Amino acid sequence: MLTVVIWWVGVFFEALILIRGLRGRTLAKYPFFYLYIASLFVSDGALYVLYLVSPTSYPRWNWNAGLLNILLGCGILLETFRHVLLPYPGAEKFARRAGLVVFALIFSFLTIALLVAPDMFHSRLMNTHLERNLLAVQAIFLLCVVAVIRYYGIALGKNLRGMILGYGLCIGVTLMAFSVRFYAGPSFNRIWIYLQPLSYLFSLWIWTGAMWRFYPSPLSDPAVPLESSYESFVLGTKGMMGAMRSRLTRGVARGARP
Amino acid sequence: MIQLIFFLAIGLGLFVALYFLMRPAASAQGSADELRNARLALNALQTGLLSGEVVHRIFAKEDLEYISEGPVEIRDMFLAERRRLALFWVAQMRLQILNLRKFHLGSARFHAGLKMRTEVRLAAEFLFLLFTCRLLWLALYLRGVYAAPAMVERATATAERVCAISETSLGFLNRSMDSLRNESVRNPTLS
């Protein structure tokens, strides 16, 4: 009973986010994020009907919808690139390179899995494996993006901050719960059936608050006139670092002697 | 079990990253003011903290010899003061390294020609430098300023050479400041 209540509360939040997106005009600003939410809304509603009408076919469709939503979840990462990293070509390049590697991993993994064992895609064990691995790849990618944002001191607006936090918490909790469930077996199911939906509800709650209206990402001043070449700029930094290092390391080496 | 640890580690790593993302951070602005501050900080490093005279005075053994002729209490007080001074000097060095890193990141993120490998290497070097600072701080804290006389000799001997290298390496900042000055003349709101 409680799981059904959680289910409907989730659908309510999804609808609320979509309505606020339309009214607050954030939908046009973050189309990929709203596409993800719309997909969750449609799949949750349709799956509930399917659960009542044809319970036997529910697990298969549930898994298909889950896979689609995991892939559409990449939209949040796309929004991060578009709104946060694009004004900073250097940081964007760094995150893009890291992202490309991870995307290549995702699709290679899917392609190989489809080619090698197409039937296994419908086995329960394989489904769990695949879902968990896809979540892990997304988590690693999100971790890279967050690290780049933090390392380069890029400021985030409330919309993007909420988007990343909600998605990060959702995939983090699901990934960890998946892994523990896989290891602990059916005994973990009692916790699993509440933990995963509740963490998802928490993410929806974060998104509702963060996406209530449009908050643009704060932009830094454009770069002051610096050296046109990145190489000479790096050389400058390296030169200064080298000077400090030689000073300090020799000091430590000598200081450590009795 | 290994798989479980691996996936749990990814999840935990993500939570840690999100925690740091939510914490308010001093963003590397890369603005005109930041550039000016970075320049001032590096000037302080070049003319003050790294100058041979300052280093020599902090670690001067003659001072200890002179003080040692007097009562032991005064000698102990002197040693404590000198250690505090040396520790402050290392802390300032560390602060200036952090300033340099802030300046570098604030500017590098705008460079379309940024190289991932170079940035990763620089990040590692900055970490190493900051670690060295901590190590030096620890050595001074545990052993005191005069526990390692060779360190003092080396410090004073290399100080001038270090300043010369710094002068060359700071050329890129000087040019930036010149451009900034010209920009301020054209647009007074910058200053």
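All figures in this text were calculated on a predicted structure; none of them were measured in a lab. First the proteins, then the strands, lettered A, B, ... as listed; each starts at 1.
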Open item on the list: Using heavy-atom distances under 4.5 Å, tell me whether A139(A) contacts chain B through its side chain, its backbone, both, or neither.
Closed with: both
Task: Proximity breakdown for V180(A) and chain B, heavy-atom pairs closer than 4.5 Å - done: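 Looking at V180(A), backbone and side chain both touch chain B.
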Open item on the list: Any heavy-atom pair between the side chains of F7(B) and M176(A) that's under 4.5 Å?
Closed with: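 The answer is no, as the side chains (C-beta and beyond) never meet within the 4.5 Å cut-off.
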Open item on the list: For residues 161-169 of chain A, give me every residue with a non-hydrogen atom less than 4.5 Å from any non-hydrogen atom of chain B.
Closed with: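 R161(A), I164(A), L165(A), G168(A), L169(A), listed by number.
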TODO: For chain A, find its close neighbours in residues 75-83 of chain B: heavy-atom separation under 4.5 Å, sorted by number, or none.
DONE: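 Under the 4.5 Å heavy-atom cut-off, nothing qualifies.
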TODO: Enter the distance from L142(A):CG to L18(B):CG here, rounded to the nearest 0.5 Å.
DONE: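 Atom-to-atom, L142(A):CG and L18(B):CG are 6.0 Å apart.
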Open item on the list: To the nearest 0.5 Å, what is the distance between CG on L14(B) and CD1 on I140(A)?
Closed with: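 So the CG of L14(B) and the CD1 of I140(A) are separated by 10.0 Å.
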TODO: Without swapping roles, check the side chain of R150(A) against the backbone of F20(B) for a donor-acceptor pair under 3.5 Å.
DONE: yes
Task: Taking every non-hydrogen atom, the tightest pair across L143(A) and A17(B) - done: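 Shortest heavy-atom separation between L143(A) and A17(B) comes out as CG-CB, 4.3 Å.
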TODO: Would you mind checking which part of F15(B) comes under 4.5 Å of any heavy atom in chain A, side chain (CB onward), backbone (N, CA, C, O), both or neither?
DONE: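 Only the side chain of F15(B) comes within 4.5 Å of chain A.
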Open item on the list: Under 4.5 Å from any heavy atom of chain A, what part of A123(B) do you find: side chain, backbone, both or neither?
Closed with: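 Both backbone and side chain of A123(B) come within 4.5 Å of chain A.
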- [ ] Would you mind telling me which of L142(B), I10(B), L138(B) has the largest number of heavy-atom pairs within less than 4.5 Å of chain A?
- [x]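 Of the candidates given, the most pairs with chain A belong to I10(B).
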